[in-house]
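Report on one structure; see the data block that follows.
Note that this is a predicted model, so its numbers are computed, not measured. By convention in this document, chain letters (A, B, ...) are assigned in the order of the sequence lines, proteins followed by strands, and residues within each chain are numbered from 1.
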Amino acid sequence: MNRLFHASVAENKQLIKNHYLLTLRPLENIKKPKPGNFFMVAVDNGLDPLLKRPISIHRWLDGDFQLLYRVAGKGTSILGGKKPGDILEILGPLGNGFPLNIKSENIILVAGGLGIAPIFALAELLRKRNPSLFCGARTKNEVLCTDELKDIGIDPVVATDDGSSGKKGNIVNVLKEHIKTSHVTDNILFACGPEPMLKALSTLAEKLNLQGYIALEQHMACGLGTCLGCVVKTTKGYKRVCKEGPVFPIEDILWE
Amino acid sequence: MNRLFHASVAENKQLIKNHYLLTLRPLENIKKPKPGNFFMVAVDNGLDPLLKRPISIHRWLDGDFQLLYRVAGKGTSILGGKKPGDILEILGPLGNGFPLNIKSENIILVAGGLGIAPIFALAELLRKRNPSLFCGARTKNEVLCTDELKDIGIDPVVATDDGSSGKKGNIVNVLKEHIKTSHVTDNILFACGPEPMLKALSTLAEKLNLQGYIALEQHMACGLGTCLGCVVKTTKGYKRVCKEGPVFPIEDILWE
Amino acid sequence: MAKKSIDLTVRIGKLKLKNPVMTASGTFGYGDEYAEFIDLNKLGAIVVKGLSLKPKEGNPPPRIVETPSGMLNAIGLQNIGINNFIKKKLPFLRQFNTPIIVNFFGDSIAEYVRAAEKLSASDGVSALEMNISCPNKQAGWSIFGTDPKVTSRIVTEVRKATDRTLIVKLSPNVTDIALMARVAEDAGADAVSLINTLTGMAIDIKTRRPKLANIVGGLSGPAVKPVAVRMVWQCYKAVQIPIIGMGGIVSPEDAIEFILAGASAVAVGTGNFIRPDITINIINGIRSFMETEGIKSINDLKGAVQC
Amino acid sequence: MAKKSIDLTVRIGKLKLKNPVMTASGTFGYGDEYAEFIDLNKLGAIVVKGLSLKPKEGNPPPRIVETPSGMLNAIGLQNIGINNFIKKKLPFLRQFNTPIIVNFFGDSIAEYVRAAEKLSASDGVSALEMNISCPNKQAGWSIFGTDPKVTSRIVTEVRKATDRTLIVKLSPNVTDIALMARVAEDAGADAVSLINTLTGMAIDIKTRRPKLANIVGGLSGPAVKPVAVRMVWQCYKAVQIPIIGMGGIVSPEDAIEFILAGASAVAVGTGNFIRPDITINIINGIRSFMETEGIKSINDLKGAVQC
Ligand SMILES: Cc1cc2nc3c(=O)[nH]c(=O)nc-3n(C[C@H](O)[C@H](O)[C@H](O)COP(=O)(O)OP(=O)(O)OC[C@H]3O[C@@H](n4cnc5c(N)ncnc54)[C@H](O)[C@@H]3O)c2cc1C
Ligand SMILES: Cc1cc2nc3c(=O)[nH]c(=O)nc-3n(C[C@H](O)[C@H](O)[C@H](O)COP(=O)(O)OP(=O)(O)OC[C@H]3O[C@@H](n4cnc5c(N)ncnc54)[C@H](O)[C@@H]3O)c2cc1C
Ligand SMILES: Cc1cc2nc3c(=O)[nH]c(=O)nc-3n(C[C@H](O)[C@H](O)[C@H](O)COP(=O)(O)O)c2cc1C
Ligand SMILES: Cc1cc2nc3c(=O)[nH]c(=O)nc-3n(C[C@H](O)[C@H](O)[C@H](O)COP(=O)(O)O)c2cc1C
Ligand code: FES
Ligand code: FES
């Protein structure tokens with residue numbers, strides 16, 4: 001079980017503009033990732049880009065696994081050009097992952113944009129417990145994984161900025177309404193998405209005294225906890241996203 | 001006629017280990033290269049490798065053209081991975097090329113190893129004038145372009161270091177014997193190959209008072225004559241391989 | 001038209017440039033080789049290869065080595081000499097509606113002064129850029145531009161010798177670049193340009209010989225950009241005169257980064273080797289960026305980094 | 001067996017290393033995270049993250065930015081403090097048959113001295129590496145290691161406080177690195193290590209803010225290798241004490257280049273982030289190279305560049 005391994009590209013499917021679903025076949029035995037874990041992926045063997053890129057586990061397919069990623073810059077754009085048979089060097093699974101010994105009966109998952117990448121993995125694992133899933137996106141075609149979610153029997157509540165799919169507006173507001181009207185008290189939140197969404201969620205959680213966990217992003221060099229490059233400010237001091245995170249209790253994060 | 005152009009890979013055929021024949025299809029109108037001209041080829045769009053790589057014109061196919069190259073390091077190894085349809089950014093044709101207003105009746109072409117890349121282009125152009133071609137290589141399977149030469153009706157004299165094809169030994173010695181026995185006086189030499197071969201040739205040319213031209217290599221940044229990085233020492237001072245060269249009169253070069 | 005409303009002009013001493021993008025000395029020859037690829041009229045300025053009073057042969061080869069995202073060069077300041085430049089190259093360059101900045105150097109203070117005088121007497125030389133990253137014959141070949149006292153003296157003397165816009169090109173191989181910029185300013189420079197190359201070395205492990213005949217050379221290209229941006233920012237806080245920023249610029253984004261750090265104008269060096277038309281792409285890219293971001297004047301970006 | 005006949009051992013002060021490859025401070029944590037990927041017994045030495053007397057929180061994020069073939073970091077010397085290190089990390093490290101070199105720093109000369117005393121009293125600390133590329137509280141936060149006088153004083157004081165092998169880690173942000181090495185040697189250092197990071201900066205052109213919360217950071221990785229090799233070569237000519245070379249080493253060839261330039265040993269920093277087992281690949285690669293080239297002892301390569 002080596003956490004430094006090679007995998008061959010089985011498929012690298014473009015879903016919508018700049019968004020890809022990458023299916024990888026490890027060439028060695030690897031550790032099974034938990035939802036919220038991530039991999040550091042070397043996009044090629046060159047010296048520029050120099051560092052591996054962190055990408056969350058999206059789906060575990062009994063040995064093969066999938067990453068869902070967006071072309072954001074130099075590294076991910078090289079990744080977008082990968083063809084079946086290409087070999088990638090990968091480190092992982094890394095990080096703590098979402099806590100799974102959840103007592104609460106009311107599991108609420110919130111995914112903003114590409115936040116669905118790790119949240120899907122969690123949804124799949126928890127699907128027997130009927131989690132509610134709230135997905136926010138900018139516009140209809142950026143609502144991802146709708147078919148995959150159907151496959152696992154989850155029907156998400158959707159909100160888009162332009163109202164082209166689901167409710168119009170912010171997914172956190174939609175969630176707020178839902179909680180208000182549902183009158184359930186022991187909700188537990190699991191979320192991933194852009195910082196503004198997570199901040200809004202954290203305000204909501206504080207107000208309604210909700211328990212919750214969020215997956216954060218930060219620039220990373222090592223992914224292993226040694227460079228101290230990936231910290232976020234928490235109530236307990238600086239914590240490493242790659243090691244103590246990427247999943248943190250929502251109330252621990254000190255936003256700027 | 002832009003000398004900065006893009007070309008798509010039509011074919012990138014491995015001939016023998018580490019040796020490739022790359023057929024390119026320019027996407028714009030380009031200037032027809034002369035034998036001895038070269039192109040600066042960007043192996044990808046990244047910043048490492050940073051500089052374009054100089055490669056000689058090997059064959060002009062009425063618009064398409066071919067480069068014959070050896071994987072020597074980082075850049076050419078990336079080039080070796082190119083697939084049909086890939087697009088390359090290229091600068092050229094560059095350099096002076098071989099002089100073509102030759103009066104001499106006895107044209108002798110000498111190619112050491114990959115020196116055949118540019119020498120072939122010259123052989124093809126001069127084939128009506130029955131040039132003699134001397135090809136040196138380390139071993140049999142490194143004698144390149146034998147079929148192509150047959151196509152253009154040229155039957156080379158071959159020598160290999162291990163004697164596995166043609167004569168055993170150094171091609172310059174074979175040439176020396178040939179000149180001695182042929183009793184022709186107005187020989188003119190055109191050569192390309194590794195430095196030791198060119199040095200030996202230059203000694204021979206001096207001894208026998210032969211006229212000749214050789215194509216040289218030097219590390220290059222611009223390929224256009226501006227960086228002054230690619231000079232060689234000549235009897236007329238430092239000269240730029242990319243501009244005054246790569247072809248120089250053999251007697252002009254001051255070897256170390 | 002949107003293009004019209006965007007103001008790219010910048011001032012460097014007495015010069016007014018139509019845009020902030022110039023070429024870096026030694027990477028654009030004397031301009032002529034590039035006329036085939038770009039309209040030289042479109043450049044902010046052309047800075048030519050460094051000139052000395054007498055022609056200089058330069059170093060033996062090999063003179064260049066590629067390094068990760070960069071290159072080392074040890075050209076050894078090969079040049080055709082000021083007289084040849086004035087006779088053979090300047091007439092061509094004068095045709096264009098683009099300021100010509102002449103980079104120059106010498107072996108001694110006296111040579112610098114004579115070179116400056118000669119260039120200042122020539123029509124078509126818009127400004128002078130002093131390269132002080134070169135060895136000082138009088139001081140055992142130590143580098144002029146790494147000793148503040150020497151820098152002060154040499155700039156003071158050259159300042160007396162010319163009324164053209166005088167740019168002092170700083171060496172980055174110093175402990176305190178801001179000090180060097182202040183020294184140049186105090187000695188009368190109209191602007192400073194930076195960075196020249198960082199001294200580096202590469203060794204062939206098979207032959208055990210340095211990859212450059214000169215043993216050491218100057219590192220340039222994207223690899224050095226973070227150092228260059230930092231130095232521009234430090235100098236911007238230290239001096240009032242304009243700064244010409246350079247070091248690894250290969251994209252419009254790179255150029256804007258230098259301007260935000262405090263550069264009034266930028267120069268593209270090694271980038272010209274990557275693509276001969278890169279300067280034009282950079283100028284167009286800066287304009288598009290300003291259009292998209294609604295920035296009217298390039299000067300609004302200057303030093304606008306929020307620290 | 002061919003392997004047996006090759007001698008990779010090197011000496012640094014009182015230390016004998018089984019091979020010349022160590023880890024660079026701050027890039028290998030306290031070693032424990034890497035035990036999963038490599039046999040720590042195989043390393044020449046382990047250099048741990050820089051320690052101070054008290055734990056240090058470090059800088060706010062973002063702390064790292066990738067740059068062309070390199071990276072900038074501004075960790076801000078976050079560390080668990082010497083006491084915690086001794087209690088919580090040293091017992092683990094002591095298990096291995098590999099020297100532990102402790103990198104340390106302080107805010108003042110007094111802090112350096114106390115830190116050195118404390119570490120020297122600890123079993124399992126094989127050598128001390130002083131990081132002098134940090135801000136001097138007493139002198140308005142200017143960097144200790146850029147002023148030869150300060151360097152001389154601080155090394156002299158620390159030398160008095162320890163009988164362990166004392167390595168002084170030099171800052172490359174100076175005009176004359178050879179001078180700094182000589183100063184360290186004269187003040188009693190057993191070895192110098194170089195280079196620490198080059199100061200750099202990167203700006204986000206959209207937000208107009210520095211990409212690092214700390215504004216500037218340290219550049220490391222292959223981008224800086226040519227500068228590092230040059231500095232090692234300059235120091236090798238200037239001092240008698242061993243040099244530990246680093247800066248951009250990611251391959252056996254890179255390591256050999258530093259050794260040819262004059263390094264007795266090398267350290268791998270940023271390379272550990274590229275591949276956690278890179279040090280082992282480098283050790284094996286050096287051995288293969290020596291086998292192929294018929295070199296019996298690594299010391300035969302030291303400083304063997306032919307200039
Ligand atoms: C734990 C974790 C999980 C992630 N999971 C996913 C995922 O499943 N799908 C996905 O598309 N993206 C994910 N990201 C974000 C992804 O890492 C970045 O989009 C990617 O690194 C951008 O690299 P680039 O070279 O394309 O962009 P560039 O901007 O060229 O990258 C420059 C540098 O910044 C870093 N960087 C840039 N953006 C980010 C970011 N948002 N987070 C961390 N580092 C960044 C890069 O890694 C690189 O070092 C995750 C990030 C983290 C930290
Ligand atoms: C005018 C000219 C024509 C050439 N024609 C051919 C040809 O037709 N076929 C062919 O296989 N090779 C040819 N070469 C050599 C070819 O340019 C090099 O093999 C190639 O640049 C090596 O690049 P690399 O990245 O693989 O090697 P690396 O060693 O990684 O290259 C590092 C740097 O050194 C330069 N370099 C390395 N070797 C040479 C060399 N021999 N000449 C010039 N620069 C070098 C590279 O361009 C690069 O800048 C020619 C060279 C010149 C100057
Ligand atoms: C091949 C080459 C030649 C150079 N010649 C000179 C020169 O003659 N005078 C000078 O002041 N700078 C010279 N430089 C330095 C550049 O002008 C510039 O300062 C440096 O390369 C950093 O910019 P860059 O990274 O964009 O290349 C030269 C640089 C290179 C690469
Ligand atoms: C993330 C990071 C943290 C570092 N921390 C320290 C440190 O605590 N003490 C120190 O002396 N050097 C530190 N360094 C510098 C390295 O030890 C090394 O000198 C430098 O990075 C050059 O080597 P490299 O290019 O192989 O990384 C750090 C470097 C990096 C990249
Ligand atoms: S990425 Fe290095 S500590 Fe987290
Ligand atoms: S490669 Fe630049 S002058 Fe020849």
## Note on the structure
Honestly, the part of D:Ile205 sitting under 4.5 Å from a heavy atom of chain C is both
### Message
At a 4.5 Å cut-off on heavy atoms, which part of C:Glu293 comes close to chain D: side chain, backbone, both, or neither?
### Response
side chain
### Segment of C:Ile295 engaging chain D (4.5 angstrom heavy-atom cut-off)
side chain
### Summary
Separation between CD1 (D:Ile282) and OG (D:Ser251), nearest 0.5 Å, reads 6.5 Å
### Message
Just so I understand: if I count every heavy-atom pair under 4.5 Å between each of C:Pro210, C:Gly70, C:Gly248, C:Ala304 and chain D, which residue has the most?
### Response
C:Pro210
### Query
Given a strict heavy-atom distance threshold of 4.5 Å, which part of C:Val305 is in contact with chain D: side chain, backbone, both, or neither?
both
### Query
Within the distance-only criterion (no hydrogens, no angle test), does the side chain of C:Asn19 pair as donor or acceptor with the backbone N or O of C:Gly44 below 3.5 angstrom?
yes
### Task
Check whether any side-chain N or O of C:Ser288 sits under 3.5 Å from a backbone N or O of C:Asn284 as a donor-acceptor pair, and report yes or no.
yes
### Message
So for atom NZ, which belongs to D:Lys206, do other residues, nucleotides or ligands contribute more than 12 heavy atoms lying within a distance under 6.0 Å?
### Response
no
### Query
Given that the side chain runs from C-beta out, which part of C:Ile259 has a heavy atom under 4.5 Å from chain D: side chain, backbone, both or neither?
neither
### Message
Taking atom CZ as the centre, does D:Arg275 end up with more than 12 heavy-atom neighbours from other residues, nucleotides or ligands that are less than 6.0 angstrom away?
### Response
yes
### Message
Taking D:Thr175's backbone N and O only, do any of them form a donor-acceptor pair with C:Thr175's side chain (distance below 3.5 Å, no angle check)?
### Response
yes
### Main-chain N/O of C:Ala74 paired to C:Asn59 side chain as donor or acceptor, under 3.5 Å
yes
### C:Ile256, part contacting chain D, at a heavy-atom distance under 4.5 Å
both
### Task
Please look at C:Thr199 and chain D and tell me whether the side chain, the backbone, both or neither of the residue comes under 4.5 angstrom of a heavy atom of that chain.
both
### Task
Report yes or no: does C:Asn299 contribute a side-chain atom to a donor-acceptor pair with the main-chain N or O of C:Ser264 at less than 3.5 Å?
no
#### Entry: Part of C:Leu260 within contact of chain D (heavy atom distance under 4.5 Å)
both
### Query
How far does CG of C:Asp176 sit from CD of C:Gln234, to the nearest 0.5 angstrom?
7.0 Å
### Query
SG/D:Cys235 to CD1/D:Ile177 distance, rounded to the nearest 0.5 angstrom?
5.0 Å
### Summary
If one checks every heavy atom of C:Ile215 against chain D at 4.5 Å, the contacting part turns out to be side chain
#### Entry: Winner by heavy-atom pair count (cut-off under 4.5 Å) against chain D, out of C:Arg209, C:Lys225, C:Met231
C:Arg209
### Task
Output the option from C:Ile203, C:Val227, C:Leu301 having the highest count of non-hydrogen pairs under 4.5 Å with chain D.
C:Ile203
### Task
Please look at D:Thr146 and chain C and tell me whether the side chain, the backbone, both or neither of the residue comes under 4.5 angstrom of a heavy atom of that chain.
both
### Message
With a 4.5 angstrom heavy-atom cut-off, is it the side chain or the backbone of D:Val216 that approaches chain C, or both, or neither?
### Response
side chain
### Side chain / backbone / both / neither for C:Phe258 at chain D, heavy atoms under 4.5 Å
neither
### Query
At a heavy-atom separation under 4.5 Å, does D:Thr207 approach chain C through its side chain, its backbone, both, or neither?
backbone
